[in-house]
Chemist: 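Structure below; questions to follow.
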Number of protein chains: 2
Amino acid sequence: MSARKAINLKMLSEALGLSQTTVSRALNGFPEVAEKTRARVIEAAERLNYRPSPSAASLATGKSRMIGHVVSLSEHIMINPHFADFIAGAGEVYGENGYDILLRLASLEEQEGVYRDLVDDQRVDGVVVHGPLTGDSRIGLLNALGLPFVVHGRSDEEGADYCWMDVNNRRAFHRATKFLLDLGHQRVALVNGLETMNFADRRRQGYEVALEEAGIVLDEQLLHSADMVEPYGYHATRALMDLAEPPTAIVVASVLPAMGVTRALADLGLRAGEDVSIIAFDDCLSFLQSGYKGRTPDIPYFTAVRSSIRDAGKRVAQMLLERIENPAGPLQSELWEADFVIGQTTAPPRRR
Amino acid sequence: MSARKAINLKMLSEALGLSQTTVSRALNGFPEVAEKTRARVIEAAERLNYRPSPSAASLATGKSRMIGHVVSLSEHIMINPHFADFIAGAGEVYGENGYDILLRLASLEEQEGVYRDLVDDQRVDGVVVHGPLTGDSRIGLLNALGLPFVVHGRSDEEGADYCWMDVNNRRAFHRATKFLLDLGHQRVALVNGLETMNFADRRRQGYEVALEEAGIVLDEQLLHSADMVEPYGYHATRALMDLAEPPTAIVVASVLPAMGVTRALADLGLRAGEDVSIIAFDDCLSFLQSGYKGRTPDIPYFTAVRSSIRDAGKRVAQMLLERIENPAGPLQSELWEADFVIGQTTAPPRRR
DNA sequence: TTGTATGCGTTATCAA
DNA sequence: TTGATAACGCATACAA
């Protein structure tokens, strides 16, 4: 290990017998500096462990090399476990590009104020919008503020005036529902996420269209909507199975409530995949994956529509950095199709 | 809504007909400024929406009002879901005190370099150490660097030369194990976390002491140790139940693998709490809680030793801020006792 | 009680 | 190709 004490530009330039200007230019890749001196400068900078002060650089340039993530971990607790995997993916990309994450916890009502402050303070070069609602006011605000941002998900039908990356939730749930109907199920329930969230709205649309195509009339009793936690899946299932005509299959918005669904069925002496079929949306949450290295993967438990939220985090981060580098460029957007994986929780309905 | 454009100290002082110095002092609560002018200054600052530039303030003071959280979300995926709840608690405290979170993802090997850089760059005023190992080298480094920090957990037996906040893991697991033994169980398995982690080591100690006190010889076949994910609980349980003499009770390090335990038992046609007893450590993860407001809480499913990781986040954050304000003060530490809650997964062993 | 002058460590403008 | 010099916006030692 070489010199450890922090050194500044002035000291470095004196050590080199050059001006601060030249050293700065050499380090920042300006074209007008002679390649020979640039090499000298870079070598000395490494040797003497020179690191430019972020606050000084930020003050001089107005750029912070920070990305803001403003989340309400408390209210919509569903964001919570999903958030960790998303940020794990995004953080990887930030790290490779010399950016850091500024994490701010704020309720949805507080978030507009937070964005304003973040801009006024020049604290971040861009932000990621999490958990967009249908008709989300944050998007208009961010456009007005001129702060680069990418939405994880979408806020409306078109999504034309902002960058976004989303999974095709409508098609995924259409497909899941159709799969169950094709197996012969007639009563398929939907244990959805909170339908103020745009993604949940789209999922419901996919479900409804599939029913309609099969000529099945929607039964409101088979619809549930709430924050996607385990106990929600449990209670929704208990209610569903108490109906005069209970469902024979359930489509669930996340593996978290899906575990609650399974637990409720077990309590009733029913087995998932035999007595009742389940298809869940699987975000590939890390703590539910088999992490054993070099091990052949399990046959998945849940039949699922699947899309890695961690990969989504990576992609959103890339899109945001591109947008920050080129704010005048075209608005990018990306729609991913979910995989469909057959697990152990689907089968034709039991004959009565 | 009043003036929106960002304003700086110079403009504000000119608008007031005062010097920048006086305005700065008034705003920062210096005693020598007249209360009348202070009131004037504060009023004008609010009206004109003055906000001091963080990078300028940071450059001038050397303080960043940022707290660093360096985590390896990828390797020890167990940290992952727990981290979200911890940070939700900590973030609340930071927000109330005008601090922000700097989140950095780095493998354990990279973390020492990250801490060095963070100090050199003056990017953070303090850090929280997550997931301490037994004999964790990060602690010595941070002490050497002189960066204020608090450890969530402990790294060794004494924990004398650093601030920490921990749950009494040894006692919690002693108690859980003893409870099962008192019910009459003779073969109690331990599905532990990764034993390089200090908390898992302590838990195992508690388990072993309880066995010893009951005069039961430790059976290595009943011990498992790995990252605390759901499939781990599943596979460990399948292995346990394949033994010639399977356990009649299992102590599990987290509700995550505990769900895998339950799933494995269900696959074998066994019921938790009837055929096999389970006690889990419950961190009160938000996505497993009944979040319904105004609803009477469920009878908990798992019998558990319980301690809110979110509350731990709050407390650790408070301790860190205190340490930052008073770096020369005494080293604080705090040991919490876990609650013991009876759920539906424990009963005396089945008669054979 | 208030004000002046200087420093914090960069980047950027203008000359040379 | 390189170098003075002026911002950037605040805090603070020193004066008054």
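To find a chain, count down the sequence lines: A is the first, B the second, and so on, and within it residues start at 1.
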Chemist: Could you verify whether a donor N or O on one side chain and an acceptor N or O on the other, from A:Q111 and A:R138, lie under 3.5 Å apart?
Modeler: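 Judged by distance alone, the side chains do pair up.
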Chemist: Whole-Å distance between C:dA16 P and A:E32 CD?
Modeler: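 Those two atoms, CD and P, are 18 Å apart.
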Chemist: Whole angstroms only, please: what is the NZ-P distance between A:K63 and D:dC8?
Modeler: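 Spelled out: NZ on A:K63 to P on D:dC8 is 16 Å.
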Chemist: For A:D121 and D:dG9, what is the distance between atoms CG and P respectively, to the nearest whole Å?
Modeler: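 My rounded result for the distance is 12 Å.
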Chemist: For the helix from C:dT1-D:dA16 to C:dA16-D:dT1, measure the angle between the helix axis at one end and the axis at the other, each built from five pairs, rounding to 10°.
Modeler: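 Axis-to-axis angle, ends of the helix: 40°.
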Chemist: Say whether, by atom type as modelled, one donor and one acceptor occur between the side chain of A:N28 and the main chain of A:S24 under 3.5 angstrom.
Modeler: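 The answer is yes, because a donor-acceptor pair under 3.5 Å joins these two groups.
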Chemist: Send over the distance from A:R123 CZ to D:dC10 C1', rounded to a whole Å.
Modeler: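 Value for this atom pair: 14 Å.
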Chemist: With distance as the sole criterion, is a donor-acceptor pair present between the side chains of B:S55 and B:S58 under 3.5 Å?
Modeler: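 No, because no side-chain N or O of B:S55 sits under 3.5 Å from a partner of the opposite role on B:S58.
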Chemist: Polar pairs (N or O, both sides) under 3.5 Å between protein and nucleotides 4-9 of chain C?
Modeler:
| unit_1 | atom_1 | unit_2 | atom_2 | d |
| --- | --- | --- | --- | --- |
| C:dT4 | O4 | B:T21 | OG1 | 2.6 |

Chemist: Does a donor on one side chain and an acceptor on the other come within less than 3.5 Å for A:Y162 and A:D156?
Modeler: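 Per modelled atom types, A:Y162 and A:D156 side chains form a pair under 3.5 Å.
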Chemist: How about A:Q122 and B:S53: does a side-chain donor come under 3.5 Å of a side-chain acceptor?
Modeler: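 Side chains of A:Q122 and B:S53: no pair found under 3.5 Å.
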Chemist: Report yes if the distance between the aromatic ring centroids of A:Y94 and A:H69 is under 6.0 Å, otherwise no.
Modeler: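 Aromatic pair counts; centres sit under 6.0 Å.
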Chemist: Using a heavy-atom cut-off of under 4.0 Å over every strand shown, decide if A:T37 touches base, sugar-phosphate, or nothing.
Modeler: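 Sugar-phosphate, no base atom in range.
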Chemist: Can you give me the closest heavy-atom contact between A:M66 and A:R123, atom names plus distance?
Modeler: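 In this case the closest contact between A:M66 and A:R123 is CB-O, 3.4 Å.
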Chemist: CG of B:L16 versus C1' of C:dT2: gap in Å, rounded?
Modeler: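 Roughly 13 Å, once rounded to whole Å.
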Chemist: Consider only side-chain N and O atoms of A:T134 and A:N198, and report whether a donor and an acceptor are under 3.5 Å apart.
Modeler: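 Side-chain D/A pair, A:T134 to A:N198: present.
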Chemist: C:dT11 P sits how many Å from A:F30 CZ, rounded?
Modeler: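 Taking CZ of A:F30 and P of C:dT11, I get 8 Å after rounding.
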Chemist: Is A:N97 reaching over with its side chain to a backbone N or O of A:V93, donor-acceptor style, under 3.5 angstrom?
Modeler: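 Between the backbone of A:V93 and the side chain of A:N97 there is a qualifying donor-acceptor contact (under 3.5 Å).
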Chemist: Without decimals, in angstroms, what is the distance between A:L27 CG and C:dT11 P?
Modeler: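 In whole Å, C:dT11 P lies 8 Å from A:L27 CG.
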Chemist: Provide, to the nearest angstrom, the distance between the CD atom belonging to A:E14 and the C1' atom belonging to D:dT2.
Modeler: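 Those two atoms, CD and C1', are 17 Å apart.
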